[in-house]
Amino acid sequence: MKTQHPIKQQARHWLVLLHSGQASEQQWQEFRAWLQQDSRHQQHYREAELLWRQTTYTETVADALSVRLQARKPRYARYAWLAACMALLAVLLVPVWQVEPDILQLHTEKGQIQTFRLDDGSSLTLGGDSLAQVNLSDTDRQVWLQKGDAEFDVSPDETRPFIVTVKNSHIRVLGTLFDVQQRAEQITVGVAHGLVEVSQNHQVQLLTNNQAVMLDKQGMSPVQFLPDSQFANWRQQRFNFQDSTLEDVINVLNRYSNVTLKLSHPTLASQRLTAAFRLDQLEQMLDALQLSHNIHWHKDAQGVIWLSI
């Protein structure tokens with residue numbers, strides 16, 4: 001059996017760790033020191049990064065760092081190490097990518113649903129309190145859905161695939177209408193028409209008209225039929241929860257509703273329920289919740305709805 005070169009193994013280890021989003025400040029410093037130990041380390045890391053980009057449709061480490069820095073204004077003392085690592089990686093990756101990506105940030109407020117037109121002719125509709133970052137380049141069209149729900153109507157372009165990244169899942173299309181719903185425990189990808197490739201942890205599934213899959217920590221569900229009436233139903237402020245935690249339901253409703261819902265006791269968060277309703281039927285749903293789960297609700301003087309045992 002052929003043994004992999006130890007430097008290649010080390011490069012792969014760093015690549016997986018940095019792309020996981022779990023690397024600590026100390027680990028970034030160790031990575032920087034490893035790069036500086038030997039010029040071969042930089043060479044093998046560049047090769048691994050290029051192969052990763054070509055095969056898994058993910059952003060480069062430099063892209064991820066750029067997104068993080070633009071998404072929030074850091075405190076200089078606390079994040080000086082992050083800026084230094086970004087500068088180092090910018091130099092390291094110059095032979096592969098000559099230009100830093102121009103990241104466009106799109107977001108909506110609580111209760112707002114808005115459609116954004118992209119320069120390639122595609123459109124992106126964000127649900128309430130959602131955030132997406134977009135980079136349209138000469139070779140591909142990248143979107144990172146950082147928070148919330150989104151519907152994509154993708155303009156066909158065979159030379160530039162449209163790639164959406166949600167946590168550790170990737171969706172790749174050339175031209176189609178599809179929807180991504182992001183929840184605490186799972187992600188749902190549904191296709192109205194066209195062809196979509198969904199990948200997660202080396203699992204790959206093709207979806208076409210009226211098909212959907214769900215993704216969570218355990219993997220990818222079998223393909224399910226998606227009726228037209230349930231596609232991107234959040235756009236009509238209709239919601240369908242299947243065996244969801246009460247905490248997840250509350251978080252979703254708080255992104256779309258003009259009122260705020262809160263739990264009076266932390267034990268309520270793990271209660272599970274299945275429900276389908278329109279947002280304007282919220283109080284009827286809460287009444288039904290009281291009957292089915294013995295969970296009571298009341299509205300305080302500020303208009304906040306409290307759920308209690």
Side-chain angles (χ1 to χ4, degrees), residues 20-22 71 106-114 124-133 143-152 164-171 178-192 196 198-201 203 205 207 211-227 229-257 259-263 266-279 281-282 285-286 288-289 292-293 295 305 307:
S20 72
Q22 304 301 314
L106 307 174
H107 66 91
T108 52
E109 303 296 334
K110 173 182 167 71
Q112 179 186 20
I113 297 176
Q114 183 173 347
L124 188 165
T125 302
L126 290 179
D129 193 17
S130 298
L131 171 65
Q133 292 159 324
V143 177
W144 296 268
L145 183 59
Q146 303 287 4
K147 181 182 181 182
D149 307 323
E151 179 193 84
F152 300 86
V164 178
T165 299
V166 190
K167 296 180 180 178
N168 66 334
S169 303
H170 308 283
I171 305 150
F178 69 101
D179 163 58
V180 180
Q181 298 184 33
Q182 188 173 189
R183 304 290 181 258
E185 295 185 332
Q186 70 179 22
I187 299 165
T188 301
V189 180
V191 178
V196 168
V198 182
S199 63
Q200 176 182 272
N201 297 334
Q203 287 183 282
Q205 179 65 59
L207 301 179
Q211 291 185 335
V213 293
M214 291 177 290
L215 308 103
D216 56 26
K217 293 180 179 179
Q218 283 67 49
M220 191 181 305
S221 75
V223 176
Q224 301 180 8
F225 174 70
L226 178 66
S229 60
Q230 293 185 17
F231 175 77
N233 51 10
W234 51 267
R235 293 199 61 173
Q236 289 77 45
Q237 296 190 326
R238 292 185 292 111
F239 302 94
N240 186 10
F241 298 97
Q242 297 289 331
D243 191 33
S244 301
T245 65
L246 184 56
E247 181 179 37
D248 197 16
V249 173
I250 294 302
N251 288 339
V252 172
L253 293 178
N254 279 338
R255 291 197 291 107
Y256 287 90
S257 177
V259 300
T260 299
L261 292 88
K262 294 185 178 181
L263 302 176
T267 57
L268 286 170
S270 59
Q271 290 269 1
R272 308 194 77 87
L273 68 149
T274 296
F277 57 92
R278 298 192 313 269
L279 190 60
Q281 298 173 321
L282 177 59
M285 187 278 292
L286 295 174
L289 190 63
S292 61
H293 291 72
I295 296 175
I305 294 178
L307 304 185

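Glu247 pairs by the side-chain contact (heavy atoms from CB on, under 4.5 Å) definition with Thr245, Asn251, Ala269, not counting sequence neighbours.
Distance CG/Leu106 to CD/Gln114: 8.5 Å, rounded to 0.5 Å. Rounding to the nearest 0.5 angstrom, the gap separating the CD1 atom in Ile171 from the CG atom in Leu215 is 7.5 Å. Annotation: the span from Leu307 atom CG to Leu261 atom CG amounts to 6.0 Å, rounded to 0.5 Å. For the atom pair Gln281 CD and Gln237 CD, the distance stands at 11.5 Å (nearest 0.5 Å). With rounding to the nearest 0.5 angstrom, the NZ atom of Lys147 is 11.5 Å from the CG atom of Leu126. Note: Glu109 CD to Asp129 CG = 7.5 Å, rounded to the nearest 0.5 Å.
Formation of a donor-acceptor pair under 3.5 Å by the Asp248 side chain with backbone atoms of Ala184 is found in this model. Remark: side-chain polar atoms of Gln230 are not paired, donor with acceptor, to backbone N or O of Pro227 under 3.5 angstrom. Judged by distance alone, with hydrogens and angles left aside, the side-chain atoms of Arg183 form no donor-acceptor pair with the main-chain N or O of Val252 at under 3.5 Å.
Taking 4.5 Å as the limit, every side-chain heavy atom of Leu226 sits out of range of all side-chain heavy atoms of Val191. With a 4.5 Å cut-off on side-chain heavy atoms, Asn233 and Gln181 count as touching.
Nearest heavy-atom pair, Ala150 versus Leu124, reported as atom, atom and distance to 0.1 Å: CB-CD2, 4.4 Å. Annotation for Val198 and Met220: closest pair O-CE, 3.8 Å, computed over non-hydrogen atoms. Of all heavy-atom pairs spanning Ser257 and Leu282, the tightest one is OG-CD2, 4.3 Å. Across Ser130 and Gly127, no two heavy atoms sit closer than the pair OG-O, 3.0 Å. For the residue pair Asn254 and Val259, the shortest heavy atom distance occurs at OD1-O, 3.9 Å. In terms of heavy-atom proximity, Leu263 sits nearest to Leu246 at CD2-CD2, 3.8 Å.
Between Arg255 and Asp149 there is a salt bridge, with a side-chain nitrogen of the basic residue lying less than 4.0 Å from a carboxylate oxygen of the acidic one.
Taking a 6.0 Å sphere around NZ of Lys167, one finds it holds more than 12 heavy atoms contributed by other residues, nucleotides or ligands. Shown here is His107, whose NE2 atom has no more than 12 heavy atoms of other residues, nucleotides or ligands within 6.0 Å.
Paired with Trp234 under the rule side chain to side chain donor-acceptor pair (under 3.5 Å), one option of Thr125, Asp179, Asn240 passes, and it is Asp179.
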Check the pair Ile113, Thr108 against side-chain contact (heavy atoms from CB on, under 4.5 Å), reporting the backbone distance first and the verdict last.
CA-CA 7 Å; Ile113 297 176; Thr108 52; over 6 Å; no

Show your working on side-chain contact (heavy atoms from CB on, under 4.5 Å) between Leu207 and Phe178 and close with a plain yes or no.
CA-CA 10 Å; Leu207 301 179; Phe178 69 101; over 6 Å; no

Asp243 and Arg272: CA distance, side-chain angles, deciding distance, side-chain contact (heavy atoms from CB on, under 4.5 Å) verdict:
CA-CA 6 Å; Asp243 191 33; Arg272 308 194 77 87; 3.2 Å; yes

Yes or no on side-chain contact (heavy atoms from CB on, under 4.5 Å) for Phe241 and Leu273, after CA distance, side-chain angles and deciding distance?
CA-CA 7 Å; Phe241 298 97; Leu273 68 149; 5.7 Å; no

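The aromatic rings of Phe277 and Phe239 are tilted relative to each other, their planes meeting at an angle between 30° and 60°.
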